[in-house]
Every structure is written in C-alpha cells, then in structure tokens.
Amino acid sequence: MKNSKDESFFEKVYDVVRQIPYGKVTSYGAIARCIGSPQASRMVGWAMNGSHTIKPYVPAHRVVNRNGMLTGKVHFGGRDTMQELLKAEGIEVIEDKIVNFKAHFWDPMSIY
DNA sequence: CTCGTGACTCCCC
DNA sequence: AGGGGAGCCACGA
C-alpha cells in the first residue's frame, strides 16, 4: 500500500482494517503503530466508532485490544454480535476474549 | 472557536 | 507486581 499523507489517520485505519484476512484479528495498537502513531491507538477505536457509517464495510469485529478482548463489543448493538461474527470465522471467543489470540493475530505490517 | 472525551497503550512509581 | 498518569488525533457540543 502507499503511504500517502493525503489520507487521514482514519482513512489509514479503515484501509488497514479492510485488509485483515478472513479468520484473522489484530489489535488497535498494532494498527496505530503501523500507520505511524503508536500512541494514537485510542484513535483507532474512535475510528471504528464511525466505521459502521462509512463504506465499504469495515470488519471492526476483527479489531480487539492488546489482550485479545472484545472491548468494543458493546458498539455492535450492545449484544454479542461481535463474538458471533468472530466465531463464524472460526475464532473461538470465551468471556469476550479471543481464545489462542496469538494464533489468530494478523500483523498489519504485512500490507506494507 | 474552545473544551472535553473516546472501542488504547506505554512508562514511571 | 499493581496502580496511576500522560500521549496521541479527530469529532461533537
């Protein structure tokens, strides 16, 4: 991918998240670090907040915190939608945590 | 236009 | 080892 500065932080985030392969997940910090702002991991989450509004579809359910926990599941309708989506992709989730998170982890750096 | 907050993470004590 | 504080960028009121 190209690192054009024309793209805003949000656009970069969306771009990366859309590249997440099926059955894979990543963390906010990994994305933030990859786009050049390791400390701006919060912004990634904030970007996800509006991800359902933009297009094309952004697989925000594949983005979790550093612990592999579904911190943003509440934003998927206040139910276990996020967990269901992950499970549908072969990712086992227990207690809002991804089982064997490291095995399913995908490095955003791969697209660069 | 200014202030506050947010789906996080890292460093320091 | 656990708790607390700071930093990042963007958006809404």
Side-chain angles (χ1 to χ4, degrees):
Chain A
M1 299 302 279
K2 47 187 169 187
N3 303 329
S4 41
K5 294 180 179 177
D6 291 17
E7 293 185 275
S8 305
F9 195 96
F10 272 41
E11 304 233 359
K12 289 181 181 177
V13 173
Y14 297 143
D15 213 22
V16 172
V17 175
R18 278 196 234 101
Q19 306 307 314
I20 302 176
Y22 179 90
K24 294 284 184 173
V25 293
T26 191
S27 66
Y28 301 96
I31 297 172
R33 187 186 301 255
C34 187
I35 64 181
S37 298
Q39 308 274 57
S41 47
R42 309 194 334 180
M43 300 298 78
V44 178
W46 190 250
M48 295 295 101
N49 191 4
S51 63
H52 68 95
T53 305
I54 69 164
K55 56 185 184 224
Y57 170 68
V58 178
H61 61 278
R62 295 182 186 150
V63 184
V64 295
N65 70 350
R66 195 124 164 59
N67 297 317
M69 192 158 145
L70 312 187
T71 52
K73 77 158 196 170
V74 61
H75 294 274
F76 277 79
R79 303 195 184 279
D80 295 329
T81 308
M82 191 174 184
Q83 178 174 333
E84 293 288 318
L85 287 169
L86 289 171
K87 191 168 186 177
E89 298 190 358
I91 301 174
E92 190 176 3
V93 178
I94 298 177
E95 302 265 320
D96 299 337
K97 291 195 314 294
I98 295 178
V99 179
N100 205 0
F101 173 60
K102 190 176 181 181
H104 292 292
F105 182 80
W106 172 78
D107 189 353
M109 207 63 173
S110 303
I111 66 176
Y112 285 101

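Lettering of chains follows the sequences in order, A, B, ..., and the numbering in each one begins at 1.
The OH-C1' distance, from Y14(A) to dA10(C), rounds to 10 Å in whole Å. Across the protein-nucleic acid pair, E11(A) atom CD and dA10(C) atom C1' stand 13 Å apart, rounded to whole Å. Here the C1' atom of nucleotide dG2(C) and the CG atom of N67(A) are 14 Å apart, to the nearest Å. For the pair I31(A) CD1 and dT9(B) C1', the interatomic distance rounds to 13 Å; values are reported in whole Å.
Counting only residues at least two apart or on different chains, the ring-ring contact (aromatic ring centres under 6.0 Å, His included) pairs with a member in residues 54-101 of chain A are F101(A)-F105(A).
Taking atom P on both nucleotides, dG5(C) is separated from dT5(B) by 15 Å, rounded to a whole Å. Taking atom P in both dA6(C) and dG4(B), one finds a spacing of 15 Å when rounded to whole Å.
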One character per nucleotide, please: for nucleotides 2-7 of chain B, 5' to 3', B when the base has a protein heavy atom closer than 4.0 Å, S when only the sugar-phosphate does, - otherwise. ----BB
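Using a 4.5 Å heavy-atom threshold, the side chains of L70(A) and L86(A) count as touching. Side chains of V63(A) and Y28(A) form a contact here, defined as non-hydrogen atoms less than 4.5 Å apart. In this structure, the side chains of D96(A) and Q83(A) come closer than 4.5 Å at one or more pairs of heavy atoms.
Counting only distance, with no hydrogens or angles, the side chain of Y14(A) and the backbone of A47(A) share a donor-acceptor pair below 3.5 Å. When atom types are taken as modelled, the side chain of S27(A) and the backbone of N65(A) share no donor-acceptor pair closer than 3.5 angstrom.
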Distances for protein N/O vs nucleotides 10-13 of chain B N/O pairs under 3.5 angstrom?
unit_1	atom_1	unit_2	atom_2	d
dC10(B)	OP1	R33(A)	NH2	3.3

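A salt bridge links E89(A) with R62(A): the closest approach of a Lys/Arg side-chain nitrogen to an acidic carboxylate oxygen falls below 4.0 angstrom.
R18(A) CZ: more than 12 foreign heavy atoms inside a 6.0 Å radius.
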